[in-house]
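Naming: A, B, ... by sequence-line order, numbering from 1 per chain. Atom set for the values below is all heavy atoms of this structure, side chains included, hydrogens, waters and symmetry mates excluded.
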Amino acid sequence: TTRTWDYLGLSAANPKNLLNETNMGAQSIIGVIDTGVWPESEVFNDHGIGPVPSHWKGGCESGEAFNSSHCNKKLIGAKYFINGFLSENESFNSTESLDFISPRDLDGHGTHVSTIAGGSYVPNISYKGLAEGTVRGGASRARIAMYKVCWYLDDEDITSCSSADILKAMDEAMHDGVDVLSISLGSDVPMYGETDIRDGITTGAFHAVLKGITVVCAGGNSGPEAQTVTNTAPWIVTVAATTLDRSFATPITLGNNKVILGQAMYTGPEVGFTSLVYPENPGNSNANFSGTCEELSVNSNLTMVGKVVLCFTPSPYSASASSAARSVKKAGGLGVIIARQPGYAIRPCPDDFPCVAVDWELGTDILLYIRSSGLPVVKIKTSRTLIGQPVGTKVATFSSRGPNSIAAAILKPDIAAPGVSILAATTTNTTFNDQGFIMMSGTSMATPAISGVVALLKALHRDWSPAAIRSAIVTTAWRTDPFGEQIFAEGSPRKLADPFDYGGGLVNPEKAAKPGLVYDLGLEDYVLYMCSAGYNESSISQLVGKATICSNPKLSILDFNLPSITIPNLKDEVTLTRTLTNVGPLDSVYRVVVEPPLGFQVTVEPKTLVFNSQTKRVSFKVRISTTHKINTGYYFGSLTWSDSVHNVTIHVSVRTQILQNYYDEN
Amino acid sequence: IVERKVHIVYLGEKQHDDPEFVTESHHQMLWSLLGSKEDAHESLVYSYRHGFSGFAAKLTKSQAKKIADVPEVVHVIPDSFYKLK
């Protein structure tokens, strides 16, 4: 967070921006459902924060190492929910467990995400000199209410969150008066149940949204494979993770004076020129050799002792780096260079052991140098923080991708935000923390960034529905980085990002504050969605608390008023409807600009939308047809309504299925 | 011994504004399923009563199936676990 908000254009120095217009979200309450909170952290200071908003009905619950007096005008709520977890984990010993049976955070994750959403300003923070700056939340005067539902299971060394506990937390949060719910949790894919409503978070979120509470959830860390995005209900804001324009460049100087900039969080002393080795059989040995990062332990100590070791791995995950560092250190080596696919999960190695990541291309350069040199040597310098251009923005490898595996016509994720190497508060006993601050990566970290923006928007537009807020964020998002450069989606190979990587794009808070028009949704729309998704009328009636009759024939799911158009199975042509609500100047005229996906015709009627004091909502029809004759993959285009001040843009994603329900492999 | 697991019994929008009344209706529903007030009390893990109506309770598979057939019940799902992302 020492970079996130300046990168997204929310600088406190600008007196007329969203941050200052909303008094930094002082009247908004962000409910965080997570691992708890470390209340002593400076990010929860309430300096200069006014009285608790009058709509707050919650409170703080005492427990192990946590008193209600730990709360203040910043941290206004702290509760814990453990009954579901206890009922399913009878071996859990609450007396002996490391975890605190209270809202206090053991893991640090809850404290971290709370900081990102609504932490107070804390200047001069860094991780051992890296990423130095002021830590702060997106809505730095918003109030935080923590609902602890995730518990450390000592036997299995995992942290787990029961849906029964999560639902109770959501139920309480609705009573307490939160404005936003930030949920950096998710299940695994394939998703549970045959329909999306049969999921704890989805169910709770439905009722929260109907009460005007925006629910923001992590899209998951199962990327870059397609159809891995989770928390996909159409009333949830689902978040993808990008990098910042920041990296931790680590100079590697080879004996031939070539300097390569790797990536690491190495904060130890410089490793002067040292022998460099790639473990491979010289051709005259019976010993075992392996240059694969996960298999370095098969090499004899003699191969690696006193040297820096180069290894290769196809894995983008940090576990490979940790494993390599462990093996080299154990053998008496002095450092390791890991050639890998970019995974955007750079971490420090234990005990500040020098471990530097490079890509396969640079790794191969180093290997060629080793093979061509009689006495290869290398020098590794301490990592330094690189900010701004030329560091580009990427959708992180791990960020889960669409299409939505439950309902392909509902575009997910909705939006992207920075979620890689984010410096924020944690507990003071977490590994790799520096004075209570730590770098973490995940869609967990991107989620509260969106929650912070929502808290600001909510402060500015108290009457906007969660769907209107979502629409404002999605239709105004950057399709490039804030400097106008293309966003790439990491994977193998790297490609230009598309809506299945980042939804509407990278959140642009300033633009989201004044979207001009919004694609709004209300109870009737959600009912239509559930009818089209096949729920029976009695279930829907019970769900919404009033008698419901689905229209006959049922409306198409394509007509659901989302800020996106996704057609997963176009055969000939289709016509769908969208409705726009004017939230800008009363008398406005918008004209349409269409960029059709390749091989598709997109016709919009009418081509001009006129709003005035009598006309706040206007519908339009979109007809899409194709000239493709085969079952295609997805093509992407866009549809923008513009009054020359506001550009209200949605993505159009279309796939043909001339042969329907066909598994396309030949 | 038949294993009891936590199930979430979801009843949709709440029918009463008084949360005590909502919780009482959950007890009643469990009582009629399990046959005794004590068993109902012991089985109930949570009563969801502010934002919507429902409850979490420790039930056997057959009890879960039986309560799913009650007209007021929208669905019954076994408890599942989420991870940090």
Engineer: Output every pair passing salt bridge (Lys or Arg N to Asp or Glu O under 4.0 Å) with a member in residues 57-81 of chain B, not counting sequence neighbours, ordered by first then second residue.
Structural biologist: B:Glu42-B:Lys58

Engineer: Using non-hydrogen atoms and a 4.5 Å limit, figure out which bit of B:Arg49 sits close to chain A: side chain, backbone, both or neither.
Structural biologist: both

Engineer: Hey, what do you get for NE2 (A:His112) to CG (B:Leu84), rounding to the nearest 0.5 Å?
Structural biologist: 12.5 Å

Engineer: What part of A:Ile33 lies closer than 4.5 angstrom to a heavy atom of chain B: side chain, backbone, both or neither?
Structural biologist: neither

Engineer: Heavy-atom pairs under 4.5 Å with chain B are the metric here; pick the option from A:Ser162, A:Ser184, A:Gly186 that has the most.
Structural biologist: A:Gly186

Engineer: Do B:Phe81 and A:Leu185 have side chains that get closer than 4.5 Å, going by heavy atoms?
Structural biologist: no

Engineer: Under 4.5 Å heavy-atom distance to chain B, tell me which part of A:Lys168 shows up: side chain, backbone, both or neither.
Structural biologist: both

Engineer: Check whether B:Ile8 gets within reach of chain A through its side chain, its backbone, both or neither, counting any heavy atom under 4.5 Å.
Structural biologist: side chain

Engineer: Among all residues two or more places apart in sequence or in another chain, which pass the ring-ring contact (aromatic ring centres under 6.0 Å, His included) test with B:Tyr48?
Structural biologist: B:Phe52

Engineer: Measure the NZ-OG distance between B:Lys85 and A:Ser399 for me, rounded to the nearest 0.5 Å.
Structural biologist: 11.5 Å

Engineer: Could you name the residues of residues 12-20 of chain B that have a heavy atom within less than 4.5 Å of a heavy atom in chain A?
Structural biologist: B:Gly12, B:Glu13

Engineer: Flag the one option from A:Leu210, A:Ile201, A:Thr35, A:Thr447 with the top tally of heavy-atom pairs under 4.5 Å to chain B.
Structural biologist: A:Ile201

Engineer: A quick test of your reading: do over 12 heavy atoms of other residues, nucleotides or ligands sit less than 6.0 Å from NE2 of A:His55?
Structural biologist: yes

Engineer: Side-chain contact test, heavy atoms from C-beta onward, threshold under 4.5 Å: evaluate it for B:His75 versus A:Thr203 and give yes or no.
Structural biologist: yes

Engineer: Ignoring hydrogens and geometry, is there a side-chain-to-backbone donor-acceptor pair from A:Glu88 to B:Lys5 under 3.5 Å?
Structural biologist: no

Engineer: Counting heavy-atom pairs closer than 4.5 Å to chain B, which one of A:Ala164, A:Ala218, A:Ser160 comes out on top?
Structural biologist: A:Ala164

Engineer: Pairing donors with acceptors under 3.5 angstrom, does anything connect the side chains of B:Tyr82 and A:Asp165?
Structural biologist: no

Engineer: How far apart are the C-alpha atoms of A:Leu86 and B:Val45, what are their side-chain angles, what is the distance that settles it, and do they pass the side-chain contact (heavy atoms from CB on, under 4.5 Å) test?
Structural biologist: CA-CA 10 Å; A:Leu86 286 179; B:Val45 178; over 6 Å; no

Engineer: Residue by residue, which of residues 169-179 of chain A have a heavy atom closer than 4.5 Å to a heavy atom belonging to chain B?
Structural biologist: A:Asp171, A:Glu172, A:Met174, A:His175

Engineer: For chain B, find which of A:Asn221, A:Leu167, A:Val544, A:Val149 contributes the most heavy-atom pairs closer than 4.5 angstrom.
Structural biologist: A:Leu167

Engineer: Determine the option with the most heavy-atom pairs under 4.5 angstrom with chain B, choosing from A:Ile158, A:Ile213, A:Thr443.
Structural biologist: A:Thr443

Engineer: Is B:Ser53 close to chain A through its backbone or its side chain, or both, or neither, when contacts mean heavy atoms under 4.5 Å?
Structural biologist: neither

Engineer: More than 12 heavy atoms of other residues, nucleotides or ligands under 6.0 Å from NZ of A:Lys211: yes or no?
Structural biologist: yes

Engineer: Between A:His207 and B:Tyr10, does the ring centroid distance fall short of 6.0 Å?
Structural biologist: yes

Engineer: With chain B, which of A:Cys150, A:Ser444, A:Gly219 has the greatest number of heavy-atom pairs at distances under 4.5 Å?
Structural biologist: A:Ser444

Engineer: At a heavy-atom separation under 4.5 Å, does A:Phe398 approach chain B through its side chain, its backbone, both, or neither?
Structural biologist: neither

